[in-house]
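Report on one structure; see the data block that follows.
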Amino acid sequence: MFGNVLGSIAKIFGGSAQEKSLKELQPAVEEINTHFQSFTTLSHDELRGKTNEFRQRITDYLKDIDTEIQEKNEKVESLPNEAALEKEEIYEEITNLEKSRDEKLEEILEELLPEAFAVVKES
């Protein structure tokens with residue numbers, strides 16, 4: 001009886017946790033299914049090639065920030081040991097850039113996730 005009352009109250013205030021989770025996932029499921037439909041005509045080799053495509057898309061997405069990090073690392077290595085304060089500032093910039101890179105990596109992985117899932121589903 002007590003469970004029925006809680007269930008009724010939960011439905012009044014927006015449904016159960018499971019229903020909310022399903023509702024949140026529905027757009028992703030629809031996107032996965034869209035990709036899945038387009039992959040049904042691909043050969044096994046073409047599906048395997050998607051891995052390299054995903055890697056290239058990640059590399060392209062991170063190219064600018066990776067270049068900037070590399071340039072800063074080269075700059076700091078070229079400075080003499082006496083420029084400790086300047087090196088420290090550059091290392092701090094590199095640390096901030098690496099944090100930004102991690103955020104960008106998360107963005108591109110989130111973007112690729114439905115497509116990658118569809119490839120696995122088709123395989």
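The shown structure was predicted, so the numbers you read here are calculated from the model rather than taken from an experiment. We count residues from 1, following the sequence as given.
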Test item: Glu46 side-chain N/O and Ser43 main-chain N/O as donor-acceptor pair under 3.5 Å: yes
Donor-acceptor pair between Gln56 and Asn52 side chains, under 3.5 angstrom: no
Side chain to side chain contact (heavy atoms under 4.5 Å, CB included) partner of Ile69, chosen from Leu97, Thr95, Asp64, Leu62: Leu97
List for me each residue that meets salt bridge (charged side-chain N to carboxylate O under 4.0 Å, His left out) alongside [X], sequence neighbours excluded, and say none if there are none.
X: Asp66; answer: Arg101
X: Lys23; answer: none
X: Asp45; answer: Arg48

Phe54/Val119 under side chain to side chain contact (heavy atoms under 4.5 Å, CB included): CA gap, chis, key distance, verdict: CA-CA 11 Å; Phe54 295 151; Val119 167; 4.0 Å; yes
Side chain to side chain, Lys50 and Leu42, heavy atoms closer than 4.5 Å: yes
Beyond-backbone contact of Lys63 with Thr59, side-chain heavy atoms, under 4.5 angstrom: no
From CD (Glu53) to CD1 (Ile58), nearest 0.5 Å: 11.0 Å
Euclidean distance, Ile94 CD1 relative to Gln70 CD, rounded to 0.5 Å: 11.0 Å
Donor-acceptor contacts, no H, no angles, side chain residues 26-33, under 3.5 Å, sequence neighbours left out:
residue, atom, partner, partner atom, Å
Gln26, NE2, Glu30, OE2, 3.3
Asn33, OD1, Lys121, NZ, 2.9
Asn33, ND2, Val29, O, 3.3

Closest non-hydrogen atom pair, Lys104 against Tyr61: O-CE2, 3.3 Å
Contacts under 3.5 angstrom, residues 76-88 side chains, donor-acceptor by atom type, not counting sequence neighbours:
residue, atom, partner, partner atom, Å
Ser78, OG, Lys75, O, 2.7
Asn81, OD1, Lys87, NZ, 3.4

Anything under 3.5 Å between a donor and an acceptor, one on a side chain of residues 109-117, the other on a protein residue two or more places apart or in another chain? List them.
residue, atom, partner, partner atom, Å
Glu115, OE1, Arg57, NH1, 3.0
Glu115, OE1, Arg57, NH2, 3.2
Glu115, OE2, Arg57, NH1, 3.3

